[in-house]
Student: 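I have a structure I would like to understand better, so I am pasting it below and will then ask my questions one at a time.
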Amino acid sequence: MPEGPSLIYISLKLKPFSGKKVTGCGGYTPMATGWIKGEKLLEVCTWGKHLLLRFKKGTVRIHLMLFGSVLINEKKKVNASFFLQFGKDEVNFYVVKAIQLTQPLKDIYDWRTDIMSRKWSSKHIIRLAGEHITEIIGDTLLDQQVFTGVGNIIRNEVLFRTAVHPLSRVGNIPVVKLLELLKDIRVYAKLFLKEKKAGIFGDHFEVHEQKICPRDGNELTIKIIGKTKRKAYFCNSCQEKF
DNA sequence: GTGAATGTTAACAG
DNA sequence: CCTGTTAACATTCA
């Protein structure tokens, strides 16, 4: 469920609860939850794949990992790792990691790298990319400190869309090309969110989980690459290796 | 029944 | 001590 756009989608669904008072909370999370009861949910925001629920006494940082899900006024058979009640309404978080943050969010998070943020700055990321010149772009794209919110789907799709080979060294990619890649992450992420809203996300990836390159009809390469050990789908012939 | 999947981090080995 | 590898977590779907 979780890449940047999915988190925005979830946060939009939770926004109506901001300003509302928590009447009950709990779950099997090891995080203490007593401090939340009776508090007003001040704000719902995100940083990449982090869902942030702000309260006066701290923020609950929720991460969905691979299998997490959020249901409003619906329950699964399994226990929720975390839940919040707002009077008659309840929000259930399944298989999530919940942590209490007490520092001001500004001190922890830099939204200039968050692909879903208005504060996103390509200039800043180009600068950061300079510290990763020996790395392969396939790895850097999954580095949450540089491309906050990018996951395996966005990585594979955007590399294909901009015709960049995942094994390209970051330092070898011309800045113009890198800028094109950065821009397309934003474009694709928006499309991702749009499809999520329409309930059709996942219907038509170009390369992710595919077999044939839609551009030249060649067979796609499917390979576990880099330090992240995630599966990359790419076309060896039409994605340029820098 | 098996394996893989939009992910991260703690523990371990060298 | 630093770096890289493995394990662990938990669910759903093909």
Side-chain angles (χ1 to χ4, degrees), chain A residues 1-13 26-31 46-52 60-71 74-83 92-101 108-109 113-116 131-161 166-167 184-211 220-234:
Chain A
M1 190 131 192
E3 292 194 24
S6 302
L7 269 286
I8 294 289
Y9 181 64
I10 291 168
S11 76
L12 288 174
K13 291 203 292 185
Y28 67 76
T29 172
M31 176 187 75
T46 63
W47 180 79
K49 301 169 189 173
H50 295 192
L51 178 66
L52 303 165
V60 178
R61 187 202 83 182
I62 291 188
H63 201 298
L64 278 67
M65 309 304 285
L66 258 185
F67 312 127
S69 58
V70 183
L71 292 179
E74 260 186 283
K75 266 194 167 75
K76 291 198 174 196
K77 284 178 191 165
V78 294
N79 289 328
S81 37
F82 179 60
F83 66 83
N92 296 310
F93 300 87
Y94 295 96
V95 207
V96 300
K97 228 178 233 183
I99 286 174
Q100 178 186 8
L101 303 173
I108 317 174
Y109 293 118
T113 56
D114 182 355
I115 61 163
M116 303 310 290
E131 298 165 16
H132 297 259
I133 48 173
T134 59
E135 224 171 64
I136 58 169
I137 187 68
D139 274 342
T140 314
L141 280 170
L142 291 178
D143 185 335
Q144 298 301 298
Q145 296 306 312
V146 185
F147 293 100
T148 310
V150 171
N152 204 25
I153 295 177
I154 297 179
R155 165 180 85 156
N156 287 333
E157 290 296 298
V158 168
L159 284 173
F160 175 75
R161 287 158 57 95
L167 296 178
D184 197 57
I185 289 173
R186 299 271 288 181
V187 172
Y188 183 69
K190 273 179 198 148
L191 180 66
F192 187 144
L193 177 58
K194 196 175 153 195
E195 293 185 351
K196 198 90 198 164
K197 287 176 178 169
I200 57 169
F201 178 73
D203 279 1
H204 59 280
F205 296 130
E206 291 196 276
V207 289
H208 187 79
E209 292 177 326
Q210 307 303 308
K211 290 199 160 75
L220 292 172
T221 305
I222 304 170
K223 207 172 168 187
I224 290 173
I225 59 159
K227 58 183 180 191
T228 54
K229 304 260 171 74
R230 304 297 302 278
K231 216 183 248 182
Y233 295 78
F234 56 95

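These figures come from a predicted structure and were not determined experimentally. Note that these values count all heavy atoms, side chains included, but never hydrogens, waters or copies made by symmetry. Order of the sequence lines sets the chain letters (A, B, ...), proteins ahead of strands, with each chain counted from 1.
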Student: Identify which nucleotide among C/dT6, B/dT6, B/dT8 has an atom closest to any side-chain atom of A/Lys229, counting heavy atoms from C-beta outward.
Tutor: C/dT6

Student: In whole angstroms, how far is the P atom of B/dT6 from the CD1 atom of A/Ile115?
Tutor: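 From A/Ile115 CD1 to B/dT6 P: 15 Å.
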
Student: Compare side-chain N and O positions of A/Lys49 against OP1 and OP2 of B/dT6 and report whether any pair is under 4.0 Å apart.
Tutor: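 It does not, given that no N or O in the side chain of A/Lys49 lies less than 4.0 Å from OP1 or OP2 of B/dT6.
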
Student: Using whole Å, report how far NE2 of A/His50 lies from C1' of B/dT9.
Tutor: 12 Å

Student: For A/Leu64 and C/dT11, give me the distance from atom CG to atom C1', rounded to whole Å.
Tutor: 12 Å

Student: CD1 of A/Ile108: more than 12 outside heavy atoms within 6.0 angstrom?
Tutor: yes

Student: Is A/Lys231 near enough to B/dA5 that one of its side-chain N or O atoms lies under 4.0 angstrom from OP1 or OP2?
Tutor: yes

Student: Between B/dT6, B/dA5, B/dG7, spot the one nearest the side chain of A/Met65, thanks.
Tutor: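 Looking only at heavy atoms from C-beta outward on A/Met65, the closest nucleotide is B/dG7.
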
Student: When you measure from the side-chain N and O atoms of A/His63 to the phosphate of B/dG7, is any distance below 4.0 Å, counting only OP1 and OP2?
Tutor: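 It does not, given that no N or O in the side chain of A/His63 lies less than 4.0 Å from OP1 or OP2 of B/dG7.
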
Student: Could you measure between the two P atoms, the one in B/dG3 and the one in C/dA7, and give it in whole Å?
Tutor: 15 Å

Student: State which of B/dG7, C/dT11, B/dA4 makes the closest approach to the side chain of A/Glu3.
Tutor: B/dG7

Student: Whom does B/dT6 pair with, Watson-Crick or G-U wobble, provided both distances fall under 3.5 Å?
Tutor: none

Student: How close or far is atom P of C/dC9 from atom CZ of A/Phe67, stated in whole angstroms?
Tutor: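 A/Phe67 atom CZ is separated from C/dC9 atom P by 13 Å.
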
Student: For A/Arg155 versus A/Arg230, what's the shortest heavy-atom pair and its separation?
Tutor: NH2-O, 3.4 Å

Student: Under the side chain to side chain donor-acceptor pair (under 3.5 Å) test against A/Asn156, which residue among A/His208, A/Glu206, A/Glu209, A/Lys231 passes?
Tutor: A/His208

Student: Expressed in angstrom and rounded to an integer, what is the separation of A/Glu209 atom CD from B/dT6 atom C1'?
Tutor: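 Rounding to the nearest Å, CD of A/Glu209 and C1' of B/dT6 are 9 Å apart.
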
Student: Between A/Glu135 and A/Lys227, is there a side-chain N and carboxylate O pair less than 4.0 Å apart?
Tutor: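 A salt bridge links A/Glu135 with A/Lys227.
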
Student: Just how far, in rounded Å, is P of B/dT6 from CG of A/Leu191?
Tutor: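 So the two atoms are 18 Å apart, to the nearest Å.
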
Student: Which whole-number value in Å describes the distance from A/Phe93 CZ to C/dA10 C1'?
Tutor: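 So the two atoms are 17 Å apart, to the nearest Å.
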
Student: Is the distance from OP1 or OP2 of B/dT6 to the nearest side-chain N or O of A/Arg230 less than 4.0 Å?
Tutor: yes

Student: In whole angstroms, how far is the P atom of B/dA5 from the CD1 atom of A/Ile224?
Tutor: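 Interatomic distance, CD1 of A/Ile224 to P of B/dA5: 7 Å.
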
Student: Quick check: closest heavy atoms across A/Gly149 and A/Ile154, and the distance to 0.1 Å?
Tutor: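 That would be O-CD1, 4.1 Å.
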
Student: Does a side-chain N or O from A/Lys227 land closer than 4.0 Å to OP1 or OP2 of C/dT3, or not?
Tutor: no

Student: Which of the following nucleotides, B/dA5, B/dT8, C/dT11, is nearest to the side chain of A/Gln144?
Tutor: B/dT8

Student: Between C/dT6 and B/dA4, how many Å separate the two P atoms, rounded to a whole number?
Tutor: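 C/dT6 and B/dA4 have their P atoms separated by 16 Å.
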
